[in-house]
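Since the structure is predicted, the reported quantities are computational estimates derived from the model, not experimental observations. Side-chain atoms are counted along with the backbone in the values below, which use heavy atoms only and exclude waters and symmetry mates.
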Amino acid sequence: MGTILISGAKIYAEEGVLEAGYVLVRDGEIADVSGSRPAELPDDTLEIDGTSLNLLPGFIDVHIHGADGADVMDATEEALDRMARFLPAEGTTAFLATTITQSHENIGSALENVAQYPNRPGQAEVLGVHLEGPFVEKKRAGAQPESYIIEPDAELFRKWQEMAGGRISVITMAPEHDRDGAFIRELSESGVVVSAGHTDTGFVGMQDAAKHGVSQVTHLCNAMPGIHHRDVGVVGAAFILDSLKAELIADGIHVEEQMLRLIWQNIGPERLILITDSMRAKGLPAGDYELGGQPVRVTEDRAELADGTLAGSILKMNEGARRMLGIEGVTMEDIVAMASRNPARQLGVDDRKGGIREGKDADLILADDNLNIRLTLCRGEVAFEA
Ligand SMILES: [Zn+2]
């Protein structure tokens with residue numbers, strides 16, 4: 001692995017913004033961040049001109065099912081490879097392979113596949129698994145196949161975590177199915193982020209869940225009751241309770257524009273985590289696809305089951321980030337927080353991900369002011385070039 005110098009870009013570094021700085025990359029890591037050009041460089045240094053562009057830390061998508069024809073539930077190395085190769089074009093340099101409610105066998109196969117997956121250079125990194133379901137609420141199933149929804153089962157979870165090689169980092173579950181909080185407590189104490197989603201609980205239920213160890217809300221507003229003036233529900237809990245992070249699908253469809261503004265105004269950059277929740281049709285033409293074994297119709301901007309239920313998205317990380325950047329008051333620093341820093345912190349990988357600082361992985365994006373991605377580095381290797 002060689003040396004790379006990115007020069008002239010506006011650098012959104014952890015210690016502040018450098019108007020036209022230099023980032024030196026060596027052996028896959030950020031070796032130096034500086035306002036001046038390094039005095040000496042190896043002869044074979046690859047120099048990348050970032051003049052008039054922004055240098056951002058790579059995006060981390062903690063909720064993504066598929067892309068480019070592949071789905072995590074395909075349970076093949078090729079499927080994860082396809083995703084890992086495709087995602088740098090939207091600025092994503094790391095992601096959680098996200099499962100869906102399915103039979104024990106199918107979930108088990110997907111987990112074993114992730115456990116065995118060898119992350120490769122020059123591709124986005126699989127950081128672990130987001131287990132979405134099957135411990136969710138049928139009334140709020142959304143596109144989670146209802147027939148496979150079951151009650152929380154600690155023994156089954158332990159078995160799955162073992163099959164996953166300990167790589168399950170996030171679980172989406174309905175906290176009202178764990179009233180005494182024993183399941184939530186066990187998982188959160190073991191280091192798993194417990195995220196409330198596909199849930200029908202109310203504000204009081206969320207308050208209890210947060211006490212038991214729930215620290216996140218899955219795709220805020222979707223597959224949960226909306227804010228009501230007699231029970232502000234899960235959405236209101238995400239507004240009010242500072243201990244909760246909130247995933248957000250900022251495609252303008254899962255959550256419409258004015259609600260995105262309301263969420264921004266009430267939660268802000270410290271607790272929001274931008275996700276795509278995309279399925280396998282992302283990057284492919286409109287047509288007929290599948291999600292969790294169900295037929296899905298994909299048009300130019302959305303993916304739906306036969307009854308019109310949204311079935312994941314075809315959103316790209318830079319598109320969601322661009323939509324948020326269009327909201328009054330949102331800055332590029334806020335985008336870095338919501339798409340890189342917060343997810344890295346939430347997953348406990350902020351020692352090496354989620355920011356531009358010496359010693360961290362060289363997961364970097366060069367993008368224009370409208371978040372068109374020009375170049376992406378994954379752990380110090382060029383993974384995408386426009
Ligand atoms: Zn979902």
Side-chain angles (χ1 to χ4, degrees), residues 62-63 65 72-73 96-112 114-115 128-220 222-225 231 233-235 237-238 241 243-247 275 277 292-293 346-348:
V62 300
H63 191 150
H65 298 277
V72 172
M73 297 304 288
L96 288 185
T98 306
T99 60
I100 194 166
T101 299
Q102 258 296 330
S103 68
H104 293 193
E105 294 73 25
N106 289 354
I107 291 174
S109 306
L111 297 174
E112 284 178 326
V114 175
V129 172
H130 181 155
L131 189 77
E132 187 175 21
F135 314 125
V136 293
E137 166 52 49
K138 285 188 177 166
K139 277 198 288 254
R140 299 288 175 178
Q144 303 289 315
E146 249 184 79
S147 54
Y148 295 110
I149 291 175
I150 53 175
E151 290 298 309
D153 181 338
E155 201 173 318
L156 179 60
F157 180 84
R158 284 181 218 120
K159 183 179 140 203
W160 277 343
Q161 183 63 293
E162 202 181 309
M163 291 170 86
R167 300 187 78 195
I168 301 174
S169 322
V170 177
I171 180 173
T172 288
M173 64 167 288
E176 66 269 35
H177 287 273
D178 180 43
R179 291 216 181 271
D180 67 359
F183 181 76
I184 293 169
R185 202 172 280 118
E186 176 179 330
L187 267 57
S188 66
E189 282 173 3
S190 75
V192 174
V193 172
V194 184
S195 190
H198 294 274
T199 169
D200 201 45
T201 197
F203 179 78
V204 172
M206 268 311 288
Q207 215 170 17
D208 289 343
K211 277 184 205 134
H212 297 148
V214 167
S215 62
Q216 187 172 300
V217 172
T218 297
H219 42 52
L220 187 67
N222 298 116
M224 60 184 60
D231 185 350
V234 182
V235 180
L241 304 176
S243 64
L244 296 175
K245 303 282 189 295
E247 293 182 354
I275 59 162
D277 196 12
Q346 187 72 340
L347 299 180

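When the shell of 6.0 Å around CD of E162 is examined, it contains 12 or fewer heavy atoms from other residues, nucleotides or ligands.
Within the 4.5 Å cutoff, no side-chain heavy atoms of I168 are placed close to those of V114. At a threshold of 4.5 Å between non-hydrogen side-chain atoms, the residues T218 and T199 do not count as touching. Using a 4.5 Å heavy-atom cutoff, the side chains of P225 and R140 are in contact. Between H104 and I150 there is a side-chain heavy-atom pair separated by less than 4.5 Å. A 4.5 Å side-chain heavy-atom check between H130 and E247 finds at least one atom pair inside the cut-off. D277 has its side chain within reach of H65: a pair of non-hydrogen atoms, C-beta onward, lies under 4.5 Å apart. In this structure, V192 and L131 have side chains that are not in contact, with every pair of non-hydrogen atoms separated by 4.5 Å or more. Between M173 and F183 there is a side-chain heavy-atom pair separated by less than 4.5 Å.
The main-chain N or O of R167 is found under 3.5 Å from a side-chain atom of Q161 such that the two form a donor-acceptor pair. Side-chain atoms of D231 do not come within 3.5 Å of backbone N or O of G202 as any donor-acceptor pair. Formation of a donor-acceptor pair under 3.5 Å by the D200 side chain with backbone atoms of K139 is not found in this model. Judged purely by atom type and a 3.5 angstrom limit, T98 uses its side chain to pair as donor or acceptor with the backbone of L96.
Pairing each heavy atom of S169 with each of G128, the nearest pair is OG-CA, 4.0 Å. Nearest heavy-atom pair across V136 and I149 is O-CG2, 3.0 Å. Across every non-hydrogen atom of A154 and E186, the tightest pair is CB-OE1, 3.9 Å. The two residues T99 and L111 have their closest heavy-atom pair at CG2-CD2, 4.3 Å. For V235 against L220, the heavy-atom pair with the smallest separation is CA-CD1, 3.9 Å. Nearest heavy atoms, L241 versus A210: CD1-CB, 4.3 Å.
A distance of 7.0 Å separates CE in M73 from OG in S103, rounded to the nearest 0.5 Å. Atom-to-atom distance recorded for D178:CG and F135:CZ is 10.5 Å, nearest 0.5 angstrom. Separating the CD atom in E132 from the CD1 atom in I171 is a distance of 10.5 Å, to the nearest 0.5 Å.
H212 and S188 share no donor-acceptor pair across their side chains, judged by distance under 3.5 Å alone. A donor and an acceptor atom, one from each side chain of T101 and Q144, are located under 3.5 Å apart.
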side-chain contact (heavy atoms from CB on, under 4.5 Å) between N106 and I100, intermediate numbers included: CA-CA 9 Å; N106 289 354; I100 194 166; over 6 Å; no
